[in-house]
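Input: a single structure, listed below in structure tokens.
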Amino acid sequence: MLRAVQPWPRTEEEALAVQDALRSRVVHEDGPRAPTTVAGLDVAYSADDRRLAAAVVVLNTADLSIADTAVVRGVPAFPYVPGLFAFREVPALMDALDRLTVRPDVLICDGHGLAHPRRFGLAAHLGVLTDLPSFGVGKTRLVGDWEPVGEQRGARSPLIDSGETVGAVLRTQSGVKPVFVSAGHRIGLERACGLTLRLAPRYRLPETTRVADRACRDSLS
DNA sequence: GCGACAG
DNA sequence: ATCTTGTCGC
């Protein structure tokens, strides 16, 4: 299906304006049903940073089997600027999403959702553009502070920024560095954390992210 | 002025 | 993100 490409911001000022306009479209309430399929999204870059590959993999929630995969190659759409990261990867990720044949019930992004200086990270951005439930699982923090997290798998600590809870620091594997989970669009933090744990039965990162990471890195080399 | 800063 | 080997520990 042909999708009109909206003008893409070329300056930080323009990008901030876009975030400001889209931010109000975020739906914070949980969806009614548990997801049957979950999508993992990730992007890999060439060494010179001039090319990239974006992957979306759809897994069946029940057994984590692969239901669909889409990988596209392209170029970064924006320089890397903390807080404006989405403008770099969203066009390629949207292209990949367009090529799916199986519609995912939720998007799981590598990065943050509401745990963002303006509460509109990559996961929230993709959620609004697709109107699909979405959340982010990041490996490192962008904003927020938290109390030490228990060492056992499943332990978590609220991620707090400017007095508000913007996500959770979640231990997916006992004794392993925790991940940063934050809601994006049409999903709550509780469900996001529960899904993350279910999708990470053995490793630190959810299988969605791991499979997507492999797919885009393979396509690049 | 000095750190912090998703991928 | 990416550049990169071995090494410590279960």
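Chain letters run A, B, ... following the sequence lines, proteins first and then strands; every chain starts at 1.
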Pick base, sugar-phosphate or nothing for [X], based on heavy-atom distances below 4.0 Å to the nucleic acid.
X      : value
A:A115 : nothing
A:G136 : nothing
A:L41  : nothing

- Please indicate whether A:R118 has more than 12 foreign heavy atoms, meaning atoms of other residues, nucleotides or ligands, lying under 6.0 Å from its CZ. yes

[N] phosphate, OP1 or OP2, under 4.0 Å from [X] side-chain N/O:
X      : N     : value
A:S46  : C:dA1 : no
A:K139 : B:dA6 : no
A:R141 : B:dC5 : yes

- Does any non-hydrogen side-chain atom of A:I108 lie less than 4.5 Å from one of A:F135?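 Touching, per the 4.5 Å side-chain cut-off.
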
- Are A:V181 and A:R156 close enough that some pair of their side-chain heavy atoms sits under 4.5 Å apart? no

Quickly work out the [X] [atom1] to [N] [atom2] distance and round it to whole Å.
X      : N     : atom1 : atom2 : result
A:F87  : B:dA6 : CZ    : P     : 16 Å
A:D48  : C:dT2 : CG    : P     : 12 Å
A:L126 : B:dA6 : CG    : C1'   : 13 Å
A:D49  : C:dT2 : CG    : P     : 10 Å
A:F78  : B:dG7 : CZ    : P     : 18 Å

Taking the side chain of [X] as its heavy atoms from C-beta onward, which of [options] lies nearest to it?
X      : options             : result
A:R88  : B:dG7, C:dT2, B:dA6 : B:dG7
A:R217 : B:dA6, B:dA4, C:dT2 : C:dT2
A:A47  : B:dA6, C:dC3, B:dG7 : C:dC3

- Message: Which residues pass the ring-ring contact (aromatic ring centres under 6.0 Å, His included) test with A:F87, not counting sequence neighbours?
- Response: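 Partners of A:F87 by the ring-ring contact (aromatic ring centres under 6.0 Å, His included) criterion, ordered by chain and then number, come out as A:W8, A:F78, A:H125.
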
- Take A:T208 and A:V137 through the test side chain to side chain contact (heavy atoms under 4.5 Å, CB included) and record every step on the way to the result. CA-CA 10 Å; A:T208 38; A:V137 178; over 6 Å; no

- Message: Let's test your reading of the pairing rules: Watson-Crick or G-U wobble, both distances under 3.5 Å, then write DNA chain B as a dot-bracket string with ( ), [ ], | and dots.
- Response: .......

